[in-house]
Amino acid sequence: MLPRFHLITDFQILDEAALRRVLAVVTGPADAVHAVDAIQVRAKRATDSDVVAWTRELVALLRPRGTRVIVNDRVDVALVAGADGVHLGQGDLTVAEARRIVPATFLVGATCRTPEHAARVRDEGADYAGVGPVHATTTKGGLPDPIGLDVLAATARVIATIAIGGITVDRVPAVMASGVHGVAVVAAVWQHCDPPRAAREIAELVHAS
């Protein structure tokens, strides 16, 4: 099943402490019904070797729990690390190029901003489109203006859509009502005083829609 709740990493250092933070969020309390479906490894400041080593450890911890591990941007790093998929940005390999070198079951997502772009990546073999920023966000610099819920809804009619950008707990119901498959978040979890609780609240809202 295509993951619905993607949590993107936001760590300065890929170390054992970062692994423990991810595991705490993914595991949650024993009575939790819903949780994070996928971890997207985004570590633009880390070396390739560090990302590979850390992702391998993450896969070993999370795969038995059924949580997917997706590497942002780098198909080669994702494959070498044994990840479950890759998320491609605007300046990365195209979906068609990635599909030529990855296994058939490998998840391939792509960043999109319009229904037309989403249709192109769908036709190239993308499993989903990461669409946004839906709302203004300070997590990542240099982003274009927010697209809003109308464009998000139009894109969700083209391909399975993961909404990203300014997604908070309070905004999840309206975002999900637009018809998207799920959401991807960073600050709403990692900048929360209780990341496991924030992740659990978002997961419950996503899976209830």
Side-chain angles (χ1 to χ4, degrees), residues 2-15 17-28 34-46 50-51 54-55 58 62 67-74 77-78 83-92 107 109-113 128-149 152 155 161-176 178 180-207:
L2 184 65
R4 300 187 71 192
F5 178 19
H6 297 227
L7 177 58
I8 302 173
T9 62
D10 187 32
F11 306 125
Q12 294 295 321
I13 301 174
L14 299 179
D15 57 7
L19 284 173
R20 289 197 298 270
R21 289 188 69 191
V22 172
L23 194 59
V25 167
V26 170
T27 305
H34 300 300
V36 176
D37 300 311
I39 295 292
Q40 285 192 27
V41 178
R42 185 170 75 186
K44 295 184 181 297
R45 297 182 184 88
D50 285 345
V51 177
W54 194 80
T55 302
L58 192 64
L62 299 189
T67 307
R68 308 284 190 90
V69 176
I70 298 169
V71 174
N72 278 25
D73 305 332
R74 296 290 298 276
V77 170
D84 300 293
V86 67
H87 182 88
L88 301 169
Q90 300 285 5
D92 302 326
L107 289 174
T111 297
C112 297
R113 278 184 53 79
Y128 71 91
V131 180
V134 180
H135 300 287
T137 176
T138 59
T139 301
K140 185 178 180 182
L143 293 174
D145 293 336
I147 61 171
L149 294 178
L152 185 66
T155 307
T161 294
I162 303 298
I164 186 170
I167 308 296
T168 63
V169 172
D170 292 340
R171 288 170 170 166
V172 170
V175 168
M176 294 304 301
S178 71
V180 300
H181 181 74
V183 302
V185 304
V186 185
V189 169
W190 298 122
Q191 294 182 20
H192 195 277
C193 62
D194 186 348
R197 180 166 67 87
R200 186 166 67 252
E201 290 175 353
I202 293 172
E204 289 172 352
L205 290 169
V206 168
H207 288 280

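Position 1 is the first residue of the sequence, and the numbers go up from there. Just so you know, these numbers use all the heavy atoms, side chains as well, and skip hydrogens, waters and symmetry mates.
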With sequence neighbours excluded, what pairs up with R21 under the side-chain hydrogen bond (donor to acceptor under 3.5 Å, both in side chains) test?
none
Test of understanding: with salt bridge (charged side-chain N to carboxylate O under 4.0 Å, His left out), list the residues that count as partners of [X], not counting sequence neighbours.
X	value
D92	none
D73	K44
D15	none

Does the side chain of [Y] come within less than 4.5 Å of [X]'s, by heavy atoms?
X	Y	value
P3	L107	yes
W190	L7	yes
R113	P133	yes
I202	T168	no

Euclidean distance, [Y] [atom2] relative to [X] [atom1], rounded to 0.5 Å:
X	Y	atom1	atom2	value
L149	H135	CG	NE2	5.0 Å
D10	Q40	CG	CD	12.5 Å
T67	L58	OG1	CG	9.0 Å
F5	R200	CZ	CZ	11.5 Å
L19	L14	CG	CG	8.0 Å

Can you name the side chain to side chain contact (heavy atoms under 4.5 Å, CB included) partners of [X], sequence neighbours left out?
X	result
L205	V169, V172, P173
V77	D48, V51, V52, V71, R74
D84	R63, R68, V69
H192	D194, R197, A198

Contact list for residues 161-174, test salt bridge (charged side-chain N to carboxylate O under 4.0 Å, His left out), sequence neighbours left out
none
Nearest heavy-atom pair of [X] and [Y]: which atoms, and what distance?
X	Y	result
R4	H207	NH1-CA, 3.8 Å
T55	A83	CG2-CB, 4.3 Å
A184	I167	O-CG1, 4.0 Å
T161	V180	O-CB, 3.5 Å

Partner residues of Y128 under the ring-ring contact (aromatic ring centres under 6.0 Å, His included) criterion, sequence neighbours left out
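ring-ring contact (aromatic ring centres under 6.0 Å, His included) check on Y128 returns H6, H87.
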